[in-house]
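Order of appearance sets the numbers: ligands from 1, and atoms from 1 within every ligand.
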Amino acid sequence: MERTLIIAKPDAVQRGLIGEIVRRFENRGLRLIGMKFIHMSRELASRHYAIHEGKPFYEALLDYITSAPVVVMAWEGSDAITVARNTIGATRPAEAAAGTIRGDFGMEVGRNLVHGSDSVENGEKEVSLFFANDELFAWSRDTDRWIFED
Ligand code: IDP
Ligand code: MG
């Protein structure tokens with residue numbers, strides 16, 4: 001099972017899209033293992049987005065992600081990284097396919113609604129950055145056998 005960190009970013013929360021975003025991942029079949037409502041500190045945001053330090057949009061990205069509360073979630077499943085990235089859509093909402101979250105609700109890259117981890121390794125790292133072990137739940141659903149092959 002892979003793990004991915006999903007964030008409903010400040011614009012998604014402000015626009016009342018928390019439920020819609022959670023629904024997309026639930027419908028897809030991913031299993032929720034952790035969830036919380038936080039206002040990210042600049043320190044935490046800079047750790048999360050360390051890879052983008054020095055890029056022209058970096059400071060604006062930190063301003064955006066720390067501007068208001070967000071919902072952070074950990075989801076797991078087979079191929080969770082790819083499944084979640086495809087559910088979210090391309091980084092630039094203008095280029096995101098219809099049917100994806102960004103393609104259905106977004107217009108601009110600096111207001112693209114959702115974060116999703118981009119690799120198995122980063123999924124593990126990002127989930128541990130935002131969640132303590134006792135905030136994550138190992139559980140199974142009665143529907144798992146109808147969603148996962150084994
Ligand atoms: P991702 O969120 O699809 O993985 P990344 O390239 O990792 O995209 O960029 C992280 C975030 O930084 C994006 O989701 C977006 O919020 C912001 N971002 C990326 N590129 C730009 C840009 O060119 N201008 C403004 N913001 C950007
Ligand atoms: Mg990324």
Under a 4.0 Å threshold between the charged nitrogen and the carboxylate oxygen, would R23 count as salt-bridged to E26?
no

Determine whether any heavy atom of R111 lies closer than 4.0 Å to an atom of ligand 1.
no

Determine, considering heavy atoms only, which of K9, R85, H52 sits nearest to atom 7 (O) of ligand 1.
H52

Checking contacts here: is it the side chain or the backbone of T91 that comes within 4.0 Å of ligand 1, counting heavy atoms only? Could be both or neither.
both

Closer than 4.0 Å to some heavy atom of R102 - which atoms of ligand 1 meet that?
1 (P), 2 (O), 3 (O), 14 (O)

Quick check: R92 and ligand 1, any N/O pair under 3.5 Å apart?
yes

Considering non-hydrogen atoms only, spot the tightest contact between P93 and N112 and give its length.
CG-CB, 3.6 Å

Rounded to the nearest 0.5 angstrom, the NZ-CD1 distance for K55 and I51 is 6.0 Å

In short, salt bridge (charged side-chain N to carboxylate O under 4.0 Å, His left out) pairs touching residues 111-120 with sequence neighbours left out are none

Looking only at non-hydrogen atoms, the one of L62, L113, V109 nearest atom 25 (C) of ligand 1 is V109

Nearest option to atom 13 (C) of ligand 1, as decided by whichever heavy atom of D11, N112, N122, I7 sits closest
N112

among protein heavy atoms, the one nearest atom 17 (C) of ligand 1 is L61 CD1, 3.8 Å

Give the minimum heavy-atom separation between G123 and I81, together with the two atoms involved.
CA-CD1, 4.2 Å

Keeping to residues at least two apart or across chains, list the ring pair (Phe, Tyr, Trp, His ring centres under 6.0 Å) pairs with something in residues 56-79.
F25-W75, H52-F57

